[in-house]
Colleague: 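Take this structure, written in structure tokens, and hold onto it; I'll ask about it next.
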Amino acid sequence: MGILNVTPDSFSDGGQHTAIDDALHHAERMLAEGAAIIDVGGESTRPGATPISPQQELDRVAPVVERLVRELDALVSVDTSAPEVMREVARLGAGMLNDVRSLRREGALQAATCSGLPVCLMHMVGEPGDMQYAPHYDVDIEEAVLTFLDERIAACEAAGLRRSRLILDPGFGFGKTVEHNLRLLNRMDRLQTLGLPLLAGMSRKSMIGKVLERPVEERLAGGLALAALAVERGARILRVHDVGPSVDAVNMTWAVLQEGLEP
Ligand code: 9MG
């Protein structure tokens, strides 16, 4: 899954059309490098990020989704928690919803259910604005994540969203210390007991920066190591910035796990 941020600071400031063209070229390149899914996001979920309105989010995301579907025939995931955005991107042909808030916003469960799309449910405590303020868990992190995701699956099923449409994500970096993140990755195979596909996103995140003392532009090698470990512990979708190197890392890991060259 290649990351396509369409926040105002992500692409060219030569006007909206140029920015959309730039986003499309970037997506085209990620697809050529082997991405199977493009994850489009209009609202930053970085620690400390301030929320934007659903209309602002739609203004950023909708034109890109529309063109990705129409011109590149891409499988488009939309990173959103807003029911209004979910409804509109489903209409425009998006193929998946990625909600870091696990459909907990009012109306999101219903919008996602009605869309008929697969949904990624992610573990997060708090909101991006405050989640990194002294994260604390009363139980082991993997237990906390397992319990949370199990409850969200139950809420989805109760709302009529079929279990077979769900993908689960431990939410690396969302309301977690670096120690929580490292332990969670090491024990990520526990989440396989829920019987659903696992997605992991660690690309360029601060857990790499903290361990290796690297700024964000020097975190590729660390991210590839984490990607390999995530695959070994059950992840089947990786949300990444650097698609080409990640595809190689995953294919190499997979060849070892399969003890051969068959995909
Ligand atoms: C939007 N976003 C940022 N980080 C993410 C992660 O780790 N997982 C998912 N599903 N989405 C993310």
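Numbering of ligands and ligand atoms starts at 1, following listing order. By convention here, the first residue in the shown sequence is residue 1.
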Colleague: Just jot down the ligand 1 atoms closer than 4.0 angstrom to any heavy atom of Val100, in number order.
Modeller: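 Matching atoms, with element in brackets: 1 (C), 2 (N), 11 (N), 12 (C).
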Colleague: Please write down residue, atom name and distance for the protein heavy atom closest to atom 11 (N) of ligand 1.
Modeller: Asn98 ND2, 3.1 Å
Colleague: Look only at the side chain of Arg152 and the backbone of Leu168, and say whether a donor-acceptor pair between them is shorter than 3.5 Å.
Modeller: no
Colleague: May I ask you to decide if Arg214's main-chain N or O and Arg219's side chain share a donor-acceptor pair within less than 3.5 Å?
Modeller: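 Side chain of Arg219 to backbone of Arg214, a donor-acceptor pair under 3.5 Å: yes, one is there.
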Colleague: Could you find the nearest protein heavy atom to atom 1 (C) of ligand 1 and give me its residue, atom name and distance?
Modeller: Asp79 OD2, 3.2 Å
Colleague: Numbering the atoms of ligand 1 from 1, which are under 4.0 Å from a heavy atom of Leu199?
Modeller: 10 (N)
Colleague: Looking at Arg29, I want to see if its CZ is surrounded by more than 12 non-hydrogen atoms of other residues, nucleotides or ligands under 6.0 Å.
Modeller: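 Not buried by this count: 12 neighbours or fewer within 6.0 Å.
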Colleague: Which atoms from ligand 1 have a heavy atom of Gly201 less than 4.0 Å away?
Modeller: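 The atoms of ligand 1 under 4.0 Å from a heavy atom of Gly201 are 7 (O).
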Colleague: Of all the non-hydrogen atoms in the protein, which one sits nearest to atom 4 (N) of ligand 1, and at what distance?
Modeller: Lys205 NZ, 3.1 Å
Colleague: Among all protein heavy atoms, pick the one closest to atom 8 (N) of ligand 1 and tell me residue, atom and distance.
Modeller: Asp169 OD2, 2.5 Å
Colleague: Could you go step by step and tell me if Ser81 and Asp99 meet the side-chain hydrogen bond (donor to acceptor under 3.5 Å, both in side chains) rule?
Modeller: CA-CA 5 Å; Ser81 300; Asp99 185 3; 2.5 Å; yes
Colleague: Would you say Met202 touches ligand 1, if touching means a heavy atom closer than 4.0 Å?
Modeller: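 Flag not set, Met202 not near ligand 1.
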Colleague: Starting from atom 3 (C) of ligand 1, locate the nearest protein heavy atom and write down its residue, its atom name and how far away it is, to 0.1 Å.
Modeller: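 For atom 3 (C) of ligand 1, the nearest protein heavy atom is Arg239 NH1, 3.2 Å.
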Colleague: Okay, side chain of Arg60, backbone of Gly42: is any donor-acceptor separation there less than 3.5 Å?
Modeller: yes
Colleague: Is there a donor-acceptor contact under 3.5 Å from the side chain of Arg233 to the main chain of Asn186?
Modeller: yes
Colleague: Can you sort out which atoms of ligand 1 are near Met122, meaning under 4.0 Å from one of its heavy atoms?
Modeller: 6 (C), 8 (N), 9 (C)
Colleague: State whether the side chain of Lys176 and the backbone N or O of Pro135 hold a donor-acceptor pair below 3.5 Å, judged by distance alone.
Modeller: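 Pair absent, no side-chain N/O of Lys176 close to backbone of Pro135.
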